[in-house]
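In each ligand, atom 1 is the first atom listed, and ligand 1 is the first ligand listed. Heads up: numbering here begins at 1 and tracks the sequence.
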Amino acid sequence: METVTVRIRQDAQEFSPREDAALREAGNIIKNGGLVAFPTETVYGLGGDGLNPTSSQKIYAAKGRPSDNPLIIHICDLEDLKEIVSELPEAAMRAAKAFWPGPLTMIFHKAEKVPYETTGGLDTVAVPLPSHKTAQKLIEYSGGYIAAPSANRSGRPSPTVAKYVEEDMQGRIEMIIDGGEVGIGLESTIIDMTVDPPQILRPGYVTADMLAEVLGKVDTDVTILTADSGQAPKAPGMKYRHYAPKGELVIVEGDAEAVVKYINAQTAADRANHLRTGIIATEENRDKYEADSVKCVGSRADEECIARHLFTALREFDDEQIDRMYSESFSSHGLGQAIMNRLLKAAGHKVVRLQ
Ligand code: TXA
Ligand code: MG
């Protein structure tokens, strides 16, 4: 299959006739059962018609994703939610008012018309209403319900630019909409609204504190930051090794000076063994490291910047054929919780704690 890439200006709020025509064409591809990758404010998605079982099967095939891992259905109008859920808790309406459109995915009991092929056999359905205008327009032109996982091959870091979508999806899908770099860089927060209190299954830009302010008490799935809770994560996708670069990644935690010293000793030893080394560093320390590739993800205080650059750093290490990677550790509060959750998964929970 030939994959066509079309460009839409990054952060376009309104569309030129050419852009509008491209989005209509993309919408028609999805209506006809095809697949289109598109930007959202979080990461690029790989979209198909969420109400068409064949489209969902194609998404699993294109991603190489196990079919017990459910897809989330993107909508562009709150009214459309009623069609695909069988219960609409009052608390969810409050959260929708506060955080939609935006990077929040809520889980509901599904309506009958949502195929089990989309929900991975579950009786629940996860729904985001993204704020990205290109995503919204595409959803509208596609008939209102786009099932879209992140547009990476299963297990790879989620793509934050179209280049990485092309790398993973070229020849597997009909179209890629290149809308430049995404704003947030980590996937949406997922919260299960079918339980009381609601439970966060995946941390993201909408933090636990922000949700608690609107919903009162919220729980967090214990598996989010621990490897050894002995429990299966509630979001099926979170159990898979994920976001993983090809080489080995270790997170190093401790006092800044000790971390720099430890990492430099490790990279020196690795390089003596002819291994190519990479480091995920903060602005504060970047100049102190010695390695084949040092990626600065931002200042320690600027978590939004760190979030936006994390997946790209992991992808670039692959491009540079890095064998061993080390990362500084980050705060695990607020947005830091989402950053650490992805980093821990990328590292397969390999953490060195220095005294
Ligand atoms: O930001 C995002 O959420 C991106 C953009 C494209 O929207 N999408 C995304 O989709 O990250 P995906 O499929 O890569 O991650 C969705 C996660 C998976 O871990 C999946 O297992 C979980 O949501 N999930 C989906 N439906 C669920 C359900 N009914 N119950 C529990 N977990 C669910
Ligand atoms: Mg994903």
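Of the protein's non-hydrogen atoms, the one nearest atom 5 (C) of ligand 1 is T42 OG1, 3.6 Å. When hydrogens are left out, the protein atom nearest atom 16 (C) of ligand 1 is R202 NH1, 3.6 Å; that is the closest non-hydrogen contact. For atom 19 (O) of ligand 1, the closest non-hydrogen atom of the protein is G237 CA, 3.1 Å. The protein non-hydrogen atom at the shortest distance from atom 33 (C) of ligand 1 is P70 CG, 3.6 Å. The protein heavy-atom contact nearest to atom 17 (C) of ligand 1 is I190 CD1, 3.5 Å.
Less than 4.0 angstrom separates some heavy atom of G45 from each of these atoms of ligand 1: 6 (C). Every atom of ligand 1 is numbered from 1 in the order shown, and the set under 4.0 Å from a heavy atom of A126 is 25 (C), 26 (N), 27 (C). Each of the following atoms of ligand 1 lies closer than 4.0 Å to a heavy atom of T124: 28 (C), 29 (N), 30 (N). Shown in contact with S150 at under 4.0 Å from a heavy atom are these atoms of ligand 1, numbered in order with element: 8 (N), 9 (C), 10 (O), 12 (P), 14 (O). Interface atoms of ligand 1 facing L122, defined by a heavy-atom separation under 4.0 Å, are 28 (C), 29 (N), 30 (N). Ligand-side atoms of ligand 1 in range of A148: 8 (N), 10 (O), range being under 4.0 angstrom from any heavy atom. Atoms of ligand 1 lying under 4.0 Å from any heavy atom of S188, numbered from 1 in the order shown and given with element: 1 (O), 2 (C), 3 (O). Atom numbering of ligand 1 starts at 1 in the shown order; those under 4.0 Å from a heavy atom of N69 are 18 (C), 20 (C), 21 (O).
Residues A135 and P130 approach most closely at CB-CG, 4.3 Å, considering heavy atoms.
Judged by a 6.0 Å distance limit and a 45° cone about the ring axis, K133 is not positioned over the six-membered ring of F15.
Classification of R324 and D270 as a salt-bridged pair holds, one side-chain N sitting under 4.0 Å from a carboxylate O. Under the 4.0 Å criterion applied to side-chain N and carboxylate O atoms, D323 and R276 are not assigned as salt-bridge partners. Classification of K137 and E19 as a salt-bridged pair fails, no side-chain N sitting under 4.0 Å from a carboxylate O. A salt bridge links D20 with R24: the closest approach of a Lys/Arg side-chain nitrogen to an acidic carboxylate oxygen falls below 4.0 angstrom.
Ligand 1 is never approached by K110 to a heavy-atom distance shorter than 4.0 Å.
Rounded to the nearest 0.5 Å, atoms CD1 (I146) and CG (D49) are 8.5 Å apart. To the nearest 0.5 Å, atom CD1 of residue I29 and atom OG of residue S142 are 9.5 Å apart. Taken from CD1 in I8 to CZ in F38, the straight-line distance is 13.0 Å, to the nearest 0.5 Å.
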Please step through salt bridge (Lys or Arg N to Asp or Glu O under 4.0 Å) for the pair K58 and E117, ending with a clear verdict.
CA-CA 10 Å; K58 283 190 197 165; E117 282 80 355; over 6 Å; no
Begin from the C-alpha positions of K234 and D192 and carry the test salt bridge (Lys or Arg N to Asp or Glu O under 4.0 Å) through to its verdict.
CA-CA 9 Å; K234 302 246 167 44; D192 185 353; over 6 Å; no
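A continuous path of hydrophobic side-chain contacts links F330 to F311 [ILVMFWY only; heavy atoms under 4.5 Å].
When the heavy-atom distances from atom 18 (C) of ligand 1 to R65, H74, H132, E187 are ranked, the shortest goes to R65. Nearest residue to atom 31 (C) of ligand 1 from I146, I107, L46, I72 is I107 (criterion: closest heavy atom).
Because the distance cut-off is set at 2.8 Å, S154 fails to qualify as a neighbour of the Mg ion (ligand 2), as none of its N, O or S atoms comes that close.
Contact annotation: for K234 versus ligand 1, heavy atoms closer than 4.0 Å belong to the backbone alone.
Taking distance alone, with nitrogen or oxygen atoms compared against 3.5 Å, K63 stays at or beyond that limit from ligand 1.
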